[in-house]
Amino acid sequence: MVAFLACLTAITACTPIFRNHGYVPPADELAEIKVGTDTRDSVTEAIGAPGISGVVNDSGFYYVRSRVRHYGPKRPEVVSRELVAISFDQRGVVRNIERFGLEDGLVIPLERRVTESSVGDTGFLRQLLGNIGNFNPANIPGASE
């Protein structure tokens, strides 16, 4: 019985687990959007708000969906990634609708980038005591009157 449970545990531990992230509208909903006619508001109404929008002058809407396979102790692997890009002109009218997948390019890791602070590994007390010699009463507003 113990051997059976050990084998069952080993088999289920190596079963792949798939996780889905994001949303891409289906093809029939995208077909309802007319290039040169629909606006940002009508696109949002028809297929929903995008997960990502263009950073530069609100250039477009981007819908991204990823499917990731987790298999035991191995690093997670992106099995599929789909991107729908809807671009707009200056008036906010749909200019183009494009669909991309993994076969169109490399897997680009979606990650958060953080600007490092100038503090580094300096502790709080070192910062506090390091500023003692930098004090100048002449720099206080209203002190020179």
Non-hydrogen side-chain atoms of [X] and [Y] separated by less than 4.5 Å:
X   : Y   : result
E77 : Y71 : no
F88 : T39 : no
V35 : N96 : no
Y63 : I47 : yes
R69 : F18 : yes

Could you pull out the closest heavy-atom pair between [X] and [Y], with the gap in Å?
X   : Y   : result
S66 : R81 : OG-NE, 2.8 Å
Y23 : P25 : OH-CA, 3.5 Å
E29 : A46 : OE1-O, 4.1 Å
D38 : I33 : OD2-CA, 3.1 Å
L30 : I97 : O-CD1, 4.3 Å
V64 : V24 : C-CG2, 3.9 Å

### Main-chain N/O of R40 paired to T44 side chain as donor or acceptor, under 3.5 Å
yes

### Query
Can you tell me if D89 uses its side chain to pair, donor with acceptor, with the backbone of V93 under 3.5 Å?
yes

### Message
Once rounded to the nearest 0.5 Å, what's the spacing between atom CZ of R65 and atom NE2 of H21?
### Response
12.5 Å

### Query
Please walk me through it: do H70 and R19 pass side-chain contact (heavy atoms from CB on, under 4.5 Å)?
CA-CA 8 Å; H70 299 268; R19 300 226 167 122; 3.7 Å; yes

### Query
Could you go step by step and tell me if V94 and T37 meet the side-chain contact (heavy atoms from CB on, under 4.5 Å) rule?
CA-CA 7 Å; V94 175; T37 306; over 6 Å; no

